[in-house]
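Please read through the structure below; I'll follow up with questions.
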Amino acid sequence: SGATLCCSVCAEGVRCLGIRSALPAIMDEQALLGLNPNADACYRQRALAYFEQLKESRDGWEVCAQALAKGIYGDDHVKFFCFQVLEHQIKHGSLTGAQQQLIRETLMKWLQLQLMGGQPEKPFIKNKAAQVLALTFVREYLTIWPKFFFDLLSLVGLNPHGLDIYLRTLMAVDAEVVDRDILHSPEETRRNTLIKDHMRESCIPALVESWYQILQTYQRSHSELTCQCLEVVGAYVSWIDLNLIANDRFVNLLLSHMSVEELREEACDCLFEIINKGMDPVDKTKLVESLSQVLQSAGFFNVEQEEDVDFLAKFSRLVNGMGQALVLSWTKLTKSGDVKVATETLQALEAKVPLLLQLLVHEDDDISANIVGFCYDYLHVLKQLPLLTDQQKNNAEAIMLAVMKKLTYDDEYNFENEGEDEAMFVEYRKQLKMLLDRLAQVSPELVLESVRRVFTSTMQGWQTARFMEVEVAIRLFYMLGEALPASHGAHFTGDGSKASALQDMMRTLISSGVSEYRHTSVTLEFFETVVRYDKFFIVEPQHIPSILMAFLDHRGLRHSSPKVRSRVAYLFSRFIKTLHKHMNSYIEDILSRIQDLLELAPPENGFQALLSSDDQLFMFETAGVLIVNGESPADRKQALMRSLLTPLLEAFRLLLNKLTQEGDEDRQTALADCLSHAVGFASRTSKAFSNKQTVKLCGCSEVYLDCLQTFLPALSCPVQRGALRSAVRSFLHRMIICLEEEVLPFIPAASEHMLKDCEPKDLQEFIPLISQITAKFKSQVSPFLQQIFMPLVLAIFEVLSQPAEDNDQTAALEKQMLRRSYFSFIQTIASSGMNEVMANQGAENIERVLFTIIQGAVDFPDPIAQKTCFIILSRLVELWGGKDGLVGFPDFIYKHIVPACFLAPLKTTFDLSDAQTVLMQSWPFWFYLHSGLRSICSLQELCQVLQQPDTKVVKNYMKVFQTNKTFNP
């Protein structure tokens, strides 16, 4: 009309239009250049800043809306940017009615542009547009835009470009409203339920009709569009009236798609979702049977004639769904007592087993894996039946044969460089193991006899058999251990036929010579099986020498494969632990043979050791078990243990000296690692001892005292302190158990070194050591604890007071764990009855510590620490709250401890949904009621105060309470 256009640059840096006109909106073109992925960093930074400006601006987003509605920009990144700005506004903006109207108009105008037959938008633009449409729908459907889908359908008609956006929008709506994998708040869940209810009443029939028209119109000309539509049907069928979809015209259309190469996989998925819909068991059985008959008539059950493995994988999933649906129907009908229909359902189920078996044995593992669920459920049905028919027994046997066949490796499996395909096969094998376990529950005799037959025949000709045949035969024998479980691995006692069969197979495994087979998979399976059935050697100990040689020679610990050597080191340790009572005749021979495997590999050696340091831990533990559990006299055991550990100690002294003189940081690290390994190895040998008594009986106390004297100087090493301290600390933990009070003279000096220049992690690991000493020795270490208490506490305070970045989660977690360790240490002292440790620290220091406990009980949002603090406070009240207690402590109780009991639950961080908090919340009130303070006020008065909804009332009450001097402690 006569209006003039007013252009000005607003504070947000966006050119705002004084009035809406037909002229295009103007955006910051320089900033838009930064949206290109190849743009320079400065442009990208400017684009990001511009995006934030538009988001924060009240009406800056309108520029983006106009750009989309008018199709001003052709650049995909700019269009995506504009949709992002709109998305943010819809999600987080406070929109007026006029602004909501503008967004609706923008989206519909943009959609109209898509119908004009030009170049279609890129998929990522269409997906973002659909997401924005869906967000608008969720926000406005129940209030101001109930005709959302009708408006979309009337605009796009049967235009393929428009239908593409329409279908993508439906899937985006499903993600926002229906998808159960997306977590929603209770409010969002209620809203989504209302949306679905409203849609069922108003627009679902129209949507279903539109899907039918799309499928029928474009099944030949636009396969991608048809597949999209099938995906939509599959997504929505779970919550709409099934009769709209499960009818002759729709199902016949879907079945016709099963014969179209481009559509058949998506059609399978759609039918699967229809079958998967929850419904009455009788109706479900009818639905499955009608679909089954149609599929069978159309020739889909002839699996052998189908070459398309991708389709067969989808078809297998569909059959799996059909089978599991029938099992569920049978279960419900059986429980309800409807015997007739349950019998009919079981017959329908049995009729699917031949198809199940075809898919289970298919050479493609994906096809086979997709049917495992149905197979497992079918076996569960057989397990519940009182008596199996001959056909059911045959079915079980056929499944057993299929499982044995499919467990076998194929030629393509890469044992040296296992990747994704190999990982998938390992997972698939786990599924097959589940079937074997279930089969054993149905018919243990069948499983035992089947495995025995395959195992025996394979072992007779293993020299000429392929590795996968030998491996699977031993693997099946191994799997029997779990399929036919025995208490504490006692497979060779009890059930005579089972024990006899397993014993026969073990004899065959050992005597056949199969341990010489030159393939890592067979070797590993051999040793795994020997250790699984290690109790066999208690029954037949004559086989121990030959198995020991297998462990010790080129077949085991000296195998050419590092993977085999590593696993055998662990398995050998387990084997020796189980059979240590039968090893007396072989101890010194074994120690002699593994001597070179127990050498500490210096970092400068350059020689690749047979075993890693982790593997060597098992070897040292094994050596310790052999020495300690042998029948030799104590002096011989001491000599053997000294012979085992002396080379470690000599190497340790030499390496520690080198470390103190080494200037290169990488070399320092390597030397420190080697020193840590030496300490770890020595510590691991002590695992054979349960307490000081066993150490003394073996005469090994002096050996470990020598170790302590050798290792402790490492604590004063000026470099690589963290690694060395951690290793020595772990050794001290073990020596407290093994040497008991003999270790005490070493503790003060060790503690002094460990508290110097320590990091949070050092302190956190040191506190459990002191707590262990406190709990074990109690009054014996009271003087030492009194001496170290404040230096330790001050070191903790210093670390906790160090500033950290707000977003540094690692530092925050370290401090939280250190705080917990600190409170745990105080709890240990209080619980051990050594109140003198704290009482003798001086009034100022005691008060400082007590305030940290109050702070931990009230201020820190950490339920674990809070609970510990209240336990400490209740214990201190018992120790110091009486007449003979600490001077001034009763006053502290009334001024600080009792208020803490009520202030803690009033904190906003007090989360009653947290399990630890729920456990903790009873402590304040327990403390109050059991601390002799009931005379302060009547419990009735207290309860009335606590019932007040306003927390200020409680806080004011506590203030009055604190100043009230009329009570008597």
Side-chain angles (χ1 to χ4, degrees), residues 397 399-409 426 429-517 519-540 543-544 546-547 550-551 555-556 564 567-568 571 574-575 578-579:
E397 189 171 355
I399 292 171
M400 182 69 206
L401 291 170
V403 168
M404 291 193 295
K405 178 184 176 184
K406 292 299 295 179
L407 275 167
T408 310
Y409 285 114
V426 170
R429 265 191 156 193
K430 290 177 184 176
Q431 292 181 281
L432 294 174
K433 180 194 173 298
M434 288 169 51
L435 292 183
L436 187 76
D437 292 345
R438 183 63 86 189
L439 272 164
Q441 293 172 355
V442 174
S443 177
E445 301 82 11
L446 166 68
V447 172
L448 182 59
E449 189 49 45
S450 299
V451 171
R452 185 178 187 176
R453 185 174 60 248
V454 170
F455 177 81
T456 304
S457 64
T458 306
M459 289 302 102
Q460 286 171 352
W462 67 263
Q463 294 90 341
T464 56
R466 301 169 72 198
F467 85 85
M468 62 276 290
E469 295 166 1
V470 181
E471 191 276 343
V472 81
I474 305 175
R475 179 74 175 178
L476 284 164
F477 178 28
Y478 174 86
M479 291 167 77
L480 278 181
E482 287 184 11
L484 306 173
S487 177
H488 303 292
H491 294 284
F492 305 97
T493 55
D495 184 346
S497 58
K498 173 194 159 186
S500 175
L502 292 176
Q503 254 176 274
D504 285 346
M505 283 191 273
M506 274 301 288
R507 280 191 220 103
T508 302
L509 181 71
I510 296 162
S511 61
S512 66
V514 73
S515 59
E516 293 283 0
Y517 199 101
H519 195 280
T520 56
S521 67
V522 175
T523 304
L524 285 169
E525 207 59 62
F526 171 83
F527 285 111
E528 295 281 359
T529 306
V530 163
V531 174
R532 164 151 286 183
Y533 299 111
D534 50 15
K535 288 187 172 58
F536 164 79
F537 299 95
I538 298 174
V539 180
E540 300 191 20
H543 298 289
I544 289 177
S546 60
I547 281 300
F551 272 114
R555 292 167 288 177
V564 172
R567 185 63 181 169
V568 169
L571 292 172
R574 278 182 52 190
F575 183 80
T578 302
L579 298 166

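Sequence positions, counted from 1, serve as the residue numbers for this chain.
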In short, Val514 meets Leu509 closest at the heavy-atom pair CG1-O, 3.7 Å
In Phe551, Tyr517, Tyr533, the residue satisfying ring pair (Phe, Tyr, Trp, His ring centres under 6.0 Å) with Phe527 is Phe551
- So, for Glu482 and Asp437, which heavy atoms are closest and what is the spacing to 0.1 Å?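 Taking every non-hydrogen atom into account, C-OD1, 4.2 Å.
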_Heavy-atom closest contact (Trp462 atom, Glu516 atom, distance)_ =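 Closest approach of Trp462 to Glu516: CH2-CB, 4.3 Å.
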Output for pair (Leu436 CG, Ile399 CD1), nearest 0.5 Å, gives 11.5 Å
**Lys498 side chain to Leu448 backbone, donor-acceptor under 3.5 Å** = no
Looking only at heavy atoms, the pair that brings Thr458 and Val470 closest together is CG2-CA, 3.8 Å
**Prompt:** Is the distance between the ring centroids of Phe536 and His543 less than 6.0 Å?
**Reply:** yes
Original post:
Checking side chain to side chain contact (heavy atoms under 4.5 Å, CB included) for the pair Arg452/Asp504: CA distance, chi angles, key distance, verdict?
Top reply: CA-CA 9 Å; Arg452 185 178 187 176; Asp504 285 346; 2.8 Å; yes
**OP:** Taking all non-hydrogen atoms of both residues into account, name the closest pair between Asp534 and Phe575 and its distance.
**Re:**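 Where Asp534 meets Phe575 most closely, the heavy atoms are CB-CD1, 4.2 Å.
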CA sep, side-chain torsions, deciding dist, call: Thr508, Thr456, side chain to side chain contact (heavy atoms under 4.5 Å, CB included) = CA-CA 8 Å; Thr508 302; Thr456 304; 5.6 Å; no
Here the gap from Ser450 atom OG to Met404 atom CE, rounded to the nearest 0.5 Å, amounts to 5.0 Å
Over 12 foreign heavy atoms within 6.0 Å of CZ, Arg507: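 Check passes, neighbour count above 12.
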- Task: Please name the pair of heavy atoms, one in Val564 and one in Arg555, separated by the smallest distance, quoted to 0.1 Å.
- Result: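 Of all heavy-atom pairs spanning Val564 and Arg555, the closest is CG1-O, 4.1 Å.
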